[in-house]
Asks: 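This structure is in structure tokens; I'll ask about it shortly.
The model shown is predicted, which means the values in this text are computed figures rather than measured ones.
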Amino acid sequence: MKYTNLLTEYKDGILVVTINRPKALNALNKQTLSDLRELFEKDALDLKELRGVVLTGSGEKAFVAGADITEFSGLDAQGGLHMAQNGHDIFATIEQFHVPVIAAVGGYALGGGCELAMACHIRVASEKAVFGQPEVNLGLIPGYGGTQRLVQYIGKGRALELLMTADMIDAQKALDWGLANHVVPHGEEVPKAIAILQKIAKKAPIAIAKTIAAVNAYFDKEKDGFNQEVLLFAQTVKTEDFKEGAAAFVEKRKANFQGK
């Protein structure tokens with residue numbers, strides 16, 4: 001895998017993806033978004049033994065400090081529509097990805113960076129992590145799903161306050177409010193994310209994928225989440241993994257799932 005603004009390392013079924021624009025605090029420019037689209041819509045799908053993805057940022061200061069404001073010059077309504085839709089599409093692909101994606105947040109996750117972290121399934125924050133949606137300072141609102149996902153994680157009242165004041169919250173408050181799953185010492189966020197994925201990797205791959213789909217259905221206005229759960233449950237029943245899991249339970253041994 002070769003990208004302009006991403007570094008990748010693949011080992012034992014886990015893909016670590018590092019957004020690599022440290023001088024720009026890993027700001028999301030058009031090329032970075034294009035790289036992410038290429039990875040999640042194409043290249044990562046070719047990794048047959050893939051069990052999870054860790055998404056992080058390079059350098060000591062930022063996960064992703066926001067969108068690249070230098071690309072906003074001359075932006076009109078039509079251009080803004082295209083920009084926001086492109087970001088929505090890419091982040092939706094991450095949110096709906098068939099294996100768990102964990103954001104390892106080691107610094108600023110602001111604007112588009114906070115939105116990217118929220119599109120991931122789990123967030124592991126270092127003690128130096130900072131989250132926020134400061135778009136109103138630019139006369140804008142979030143454009144990559146921030147107004148929707150922030151409400152899902154921390155509730156309407158808290159979300160509206162952060163969105164309208166542009167205040168930032170630290171890692172501990174993000175944990176207390178449900179935005180972060182874990183807070184670890186700085187530098188340990190990627191190892192912690194990998195440890196979580198290694199635990200998940202021992203479970204049935206198809207069941208994991210169906211779990212992601214079922215939970216996402218709760219927030220999809222075009223779907224009945226309960227009905228989707230019924231349908232997805234039925235799909236897991238017919239898998240070889242279910243037969244293996246049931247047999248292992250009866251025989252009091254660890255299951256050997258094959259993803260079939």
Side-chain angles (χ1 to χ4, degrees), residues 2-7 17-44 55-59 61-97 101 103 105 107-120 123 130-154 156-169 179 216 219-223:
K2 292 184 178 180
Y3 308 97
T4 303
N5 293 330
L6 303 180
L7 302 175
V17 180
T18 304
I19 298 174
N20 188 37
R21 299 186 71 215
K23 292 182 179 180
L25 298 181
N26 303 318
L28 295 174
N29 63 354
K30 293 177 182 177
Q31 183 59 56
T32 304
L33 289 171
S34 177
D35 286 350
L36 288 170
R37 181 186 288 274
E38 182 77 7
L39 186 144
F40 281 101
E41 292 186 0
K42 182 181 177 182
D43 295 342
L55 191 58
T56 192
S58 64
K61 294 183 178 180
F63 169 70
V64 170
D68 193 330
I69 306 302
T70 63
E71 295 185 342
F72 284 41
S73 178
L75 195 65
D76 60 12
Q78 188 62 35
L81 180 67
H82 176 77
M83 175 183 286
Q85 189 62 60
N86 182 55
H88 269 256
D89 291 346
I90 296 168
F91 287 12
T93 297
I94 295 171
E95 185 174 55
Q96 297 163 14
F97 204 58
V101 182
V105 181
Y108 291 111
L110 305 176
C114 188
E115 291 170 301
L116 177 59
M118 291 191 292
C120 298
R123 282 147 299 285
V130 178
F131 298 85
Q133 298 286 166
E135 285 86 352
V136 293
N137 287 337
L138 298 173
L140 296 171
I141 71 168
Y144 295 164
T147 63
Q148 305 303 297
R149 293 191 179 96
L150 193 61
V151 173
Q152 293 173 16
Y153 287 118
I154 69 174
K156 181 179 179 181
R158 285 170 172 167
L160 277 170
E161 182 175 354
L162 287 187
L163 291 164
M164 293 191 294
T165 63
D167 284 348
M168 296 179 286
I169 60 173
L179 183 56
N216 283 337
F219 300 100
D220 190 333
K221 295 180 177 61
E222 296 181 358
K223 295 178 180 177

Asks: Do R149 and F91 have side chains that approach each other closer than 4.5 Å (heavy atoms only, starting at C-beta)?
Replies: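 Side-chain contact under 4.5 Å: yes.
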Asks: Would you check, one step at a time, whether the test side chain to side chain contact (heavy atoms under 4.5 Å, CB included) holds for R37 with N86?
Replies: CA-CA 9 Å; R37 181 186 288 274; N86 182 55; 2.7 Å; yes
Asks: Any side-chain heavy atom of P142 within less than 4.5 Å of one from L163?
Replies: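 The answer is yes; the side chains approach within 4.5 Å.
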Asks: Measure the CE-CD1 distance between M118 and I94 for me, rounded to the nearest 0.5 Å.
Replies: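 One finds 12.5 Å between CE of M118 and CD1 of I94.
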Asks: When the aromatic ring centroids of F97 and F40 are compared, is their separation below 6.0 Å?
Replies: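 That pair passes the under 6.0 Å test.
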Asks: Has E115 got a side-chain atom pairing as donor or acceptor with G145's backbone, closer than 3.5 angstrom?
Replies: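 Checked: pair present.
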Asks: Nearest 0.5 Å, please: how far is NE2 in H82 from CG in L75?
Replies: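 Atom-to-atom, L75:CG and H82:NE2 are 10.0 Å apart.
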Asks: Checking side chain to side chain contact (heavy atoms under 4.5 Å, CB included) for the pair N26/Y108: CA distance, chi angles, key distance, verdict?
Replies: CA-CA 10 Å; N26 303 318; Y108 291 111; over 6 Å; no
Asks: So V64 and L110, do their side chains get closer than 4.5 Å, heavy atoms only?
Replies: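 Result no, sub-4.5 Å side-chain heavy-atom pair not found.
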Asks: Where do V105 and F131 land on the side chain to side chain contact (heavy atoms under 4.5 Å, CB included) test, with the steps shown first?
Replies: CA-CA 9 Å; V105 181; F131 298 85; 4.0 Å; yes
Asks: Is there a donor-acceptor pair closer than 3.5 Å between any side-chain N or O of T56 and the backbone N or O of T18?
Replies: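 Between the backbone of T18 and the side chain of T56 there is no qualifying donor-acceptor contact (under 3.5 Å).
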Asks: Any side-chain heavy atom of Q152 sitting closer than 4.5 Å to one from F219?
Replies: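 Q152 vs F219: side chains touch.
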Asks: Starting from the C-alpha separation in whole Å, work towards a yes-or-no answer on side chain to side chain contact (heavy atoms under 4.5 Å, CB included) for I169 and L162.
Replies: CA-CA 9 Å; I169 60 173; L162 287 187; 3.8 Å; yes
Asks: Any salt bridge between K30 and D68, counting N to O under 4.0 Å?
Replies: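 No, this pair does not count.
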Asks: Check whether the side chains of N29 and T32 place a donor and an acceptor atom closer than 3.5 Å, and report yes or no.
Replies: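 Side-chain D/A pair, N29 to T32: present.
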Asks: Is it the case that R158 places NZ or CZ above or below the six-membered ring of Y153, under 6.0 angstrom from the centre and within 45 degrees of the axis?
Replies: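 Verdict for Y153: no cation-pi partner in R158.
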Asks: Does L6 reach the side chain of N20, with side-chain heavy atoms less than 4.5 Å apart?
Replies: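 With C-beta onward as the side chain, the pair stays apart.
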Asks: Is any side-chain heavy atom of F72 closer than 4.5 Å to one of L140?
Replies: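 A side-chain contact exists here, since the closest heavy-atom pair is under 4.5 Å.
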Asks: Cut-off 3.5 Å, side chains only: do Y3 and D43 have a donor facing an acceptor?
Replies: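 Side-chain D/A pair, Y3 to D43: present.
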Asks: With the side chain counted from C-beta on, respond yes when I19 and L116 share a heavy-atom pair under 4.5 Å apart, and no when they do not.
Replies: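 Yes, at least one pair of side-chain atoms sits under 4.5 Å.
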Asks: Kindly say whether A103 contributes a backbone atom to a donor-acceptor pair with the side chain of R123 at under 3.5 angstrom?
Replies: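 Looks like no, no N/O pair under 3.5 Å.
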